[in-house]
Amino acid sequence: MKFILLLSHLFSIKIKDKILLVLALLFIFLHTQVFAKTVETGSYIFLPTKLENNIKSFYSFPFSWWNFILIKYEAPLRDDLIGKVTDFCKELREKEDQQIQLIQCGMNISEYLQLISSWANDYPLRQLPPSEDWIKWKVNKTLTMASLPSIDRSGINISILRNDPFMTYEDYIHLMEKRKPFSLEMKKGLLINSEAGLIVIPIMFSYPPEKTDLTKSIARYVNGAKDHLKMPITMFGPHASNWQNKTQIMSDLQVTGVVGVVLFTVFIIALVCMRGWKLLLLVPPIAFAVLLSATITSFVFGSIHGLTISFGMGLIGLGIDYGLLSMFSSDHGRTWKSNLAGLLTTLVVLFVLLFSSIPLIRQMMFFSILGLSFAFLQYYILDRFFYRKIFCFPFPFTFAKSSWRLLIFLLLLLSSPLLLYSSISYDFNIRSFDYKDSVSKALENDLFKTFKKISPVFVIDRALNLGQALEITSGYGEWSSANKIPSENLSVYLPKKEAQEKNLSEWSEKANNIRNIFLQNANLKIFFEPFLTNLRKLSVNNRPPDYVHHLISLGSDHIEFLSLWYPTNNAETALVKKRFPNAFVLKEQIEIFPEILQKELLWMIPLTLVGVVLILVVMYRRVDTVVLSMLPFFTALGFLYWFYKCFHLPVTFINVVTFLIIYGASFDYGVFACDAISRSACEDYRKRTWSSVVLAAISTIFGFAPLMLCKHPVLLQIGQTATIGMLGTLIGTLWGIPSLSYYLKKLKND
Amino acid sequence: MKIKFLLLVFCLITACFSGLATQSDGGNAPLSLKSKQIVSEADLKKHLIKYQQIKTLFVKFEQTKKVKSLGVEIKSQGNMTVRHPDFILWKITAPSEMSVTMSGSNVIIVSKNFEGKELIQKYNFQNMLSDRTSKSMLYLTKWLQLDAKFIADNYTIYELEKNHYQFHPKQKEESPFSELEIQVSKRGDVSKLILKEINDDEIYFTFESPVLNKDKR
């Protein structure tokens, strides 16, 4: 009974209220759905799939988990400084033992004890048994070493020698030395670039770079050390970079959050004072559109990236232009024609960019197309049933024609081609997304100077197990030797399974003779007991030993393994790439991104412009309207040109993506302005149009301008491009189109 | 590992100079007794003046390392040459041949590979580790220079018995050894040296009579 009463009550509600009720329920439902999905923050989304796979795979190998702590000192390198640095390393190791795999600071052999022991244990797998004379000679040498005083409390050296009578750890150290990407001196246990006055402390983390929460305490400890050491200090590497970017973005967003709230409050107060508070009713549809499109995007792509939400919201926020125009409108038929033209011109841009090979752009466009369309639909429905009943007074904006405004407009318009053809630099490198303070930049540049000039070449392969991987890499080892290009791969550490079995079998055959050497007296037997025990128990298995873990990434039913080549010139690099088609140079992988982007922009931008022109031609069938509508786009470009030129800023990928927001808004405003100045539009319509355009622009500027206070390059560039671009669009819309139209008409009449 | 050679040289120099500084008869005494401190800086200077007349020294030794945790003994033997003021050649002849030459701040380590070919490694100890080991190297330099103030400042010296001395480093955390002991023979040269490591291992040195050349200045 109660249910029937409820149903009847529902049916009696007015249609508009029902619509609002349904929307509210959907809003709540979708709100929970969106946040139930993972929001991604990784940087792989910038990369086309093949690049992403290579780089993602690369960072799954512990080999890539090395970072560097850089400390700048004033020459000469004094003992007290060295003492402070080694104490700092010791404390860091003690404090963050779980997070640190290895730290090279002072000759602390305990860091490598496990690796060296594992390496020594597997000697019989790697080598056939040597001659008895050789074994005797080596054992004597080892005993000589063991007879020397130990240098620390733990007796670590003794434990190494007991497991490693043949001192194979020297070979392992030699391999590690070859792996170093830089040439630095070793002084008093520290790696140093004495020319630059730089101490370099390699530190290997025990987890992949994207786990920034684990990096937090180490990064803070390193940062805090500068007060104690009284020397500039920074950390450089994939973990450090992820952490620094995340921290700076959070810090910047806190600042912009406060400023944004202040601006928003000022905006609301201004609206109230100007009797426009009802315009706030335009906000819920946009919010709903964002949530709905975020949910669908999340389902389609599996997750949604933080940047998609940030940028996409800006694009969807353009939809508020349609709502504003309809709320101020006194001629809804004309208004919705303008809105439709605005929507279609924006959608054609988004649709063309949907075919980009860059996943972030594809996701952003999908999100924006959905959101903008939902926003448009909601405003259309709400306008029919709700907004038309709300009367909005137009604001007293008039834009009288003036020659100086026209001159400024023409200057910006004519400057727009300079963005492509002048001395403005373009930097589409992904590295420009990284936040670095000036101290870090300087120290990293000093480190880069010590890096070997030719980058290593990587190959990532897959196998069912270690045995299969060794089979593959044994061929790599042979090729490396034949072509004299040094290589780091699994075969350097272990031979194929058959060879291991053969070696071990030989050792077993000669086991008695070998054991007799060690059993000459009780002292030898006791001292080398660990070695003898290991020799008895040793077998070939598929479990990767510790000393190859840096080259292996374990999957559930397979392993991926990394191989590196160290060419000394470009010809050798080319030779490696020819032999191994899936080989890649990390630096080149990252540099492919700007190449891909440039190629895509070269055909996408002209295609979008053609699309926009076609739509305007079809809808308005007037050349002057089509041309005038496009002018705010060019004035935006011109204003941006002068901004980048005056402040010597390069154009980056972020600038280009942000400009999409301006791209859409500029055509919207151009269409609105052309409609407003057409002969059939009355003065009241014009005023209302300027009111909606100015308010729309102000809301966009208020949304993005606070980002100009940010230090992170991505946020800063978004703020700069959106704010300056929007101002340029406004100039074109409010100063340019009316003035130009007026003077053209005057010329025509004359 | 190379640092170990240098430490051993340091200990031997300590032993030899300590032995030469005192001309009393030696004897076998219990190793762990402590007595009052007897050597002041002034006394030490008096003893060391005699040594400064020595130009060269050559002595053979036998060494036994007792690894207490394992209960094993590792034996080796060799000889040492010292030329005033700062040249030392320390050579192990068995179980395997290896030599360390120190001259000023330069260190040369020579060993042989299986084929008998010499392998030479050169270092400047100014570039070596700046930790307890490198501080030991600095101690060695001071011993070579017979800096009585340095020795008295850094060691507490006890006489356990007649001609049986014990040196305790004052800065224990910086020293690789917890203590040193020396026994001096009737002839006035060091017959035994015992090094006690921080991990409780002990290294015993037995010396033959040194061959000395005095400075005729």
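Quick note on labels: first sequence line is chain A, next is B, and so on, each numbered from 1.
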Do A:Lys141 and B:Pro95 touch side chain to side chain, with heavy atoms closer than 4.5 Å? no

Kindly indicate whether the side chain of B:Lys65, heavy atoms from C-beta on, has any atom under 4.5 Å from the side chain of A:Ile158. yes

Smallest heavy-atom separation, B:Asn113 atom then A:Trp137 atom, equals C-CZ2, 3.4 Å

Which residue out of B:Val67, B:Thr64, B:Ile74 racks up the most heavy-atom pairs below 4.5 Å with chain A? B:Ile74

If you draw a 6.0 Å radius around [atom1] in [X], do more than 12 non-hydrogen atoms from other residues or ligands fall strictly inside?
X	atom1	result
A:Lys72	NZ	yes
A:Glu506	CD	yes
B:Lys60	NZ	no

Which atoms of B:Lys75 come close to chain A, meaning under 4.5 Å heavy atom to heavy atom: side chain ones, backbone ones, both, or neither? neither

So which part of B:Ser69 gets closer than 4.5 Å to some heavy atom of chain A, the side chain, the backbone, both or neither? neither

To the nearest 0.5 Å, how far apart are [atom1] in [X] and [atom2] in [Y]?
X	Y	atom1	atom2	result
B:Ile203	A:Ser147	CD1	OG	7.5 Å
B:Ser76	A:Met145	OG	CE	12.0 Å
B:Leu70	A:Ser159	CG	OG	10.0 Å

Measure from the side-chain N and O atoms of B:Ser96 to the backbone N and O of A:Thr144, and report whether any donor-acceptor pair falls under 3.5 Å. no

Please table the atom pairs, donor to acceptor, closer than 3.5 Å between any side-chain atom in residues 514-521 of chain A and protein atoms at least two apart or in another chain.
unit_1   : atom_1 : unit_2   : atom_2 : d
A:Asn516 : ND2    : A:Asn512 : O      : 3.2
A:Gln520 : NE2    : A:Ile517 : O      : 3.0
A:Asn521 : OD1    : A:Asn523 : N      : 3.0
A:Asn521 : OD1    : A:Leu524 : N      : 2.8

In terms of heavy-atom pairs under 4.5 Å with chain B, which of A:Leu190, A:Ile526, A:Val139, A:Leu77 leads? A:Ile526

Among A:Arg162, A:Glu529, A:Glu185, residue most engaged with chain B (heavy-atom pairs, under 4.5 Å): A:Arg162

What residues of residues 120-134 of chain A sit under 4.5 Å from chain B when you count only heavy atoms? A:Ser131, A:Asp133, A:Trp134

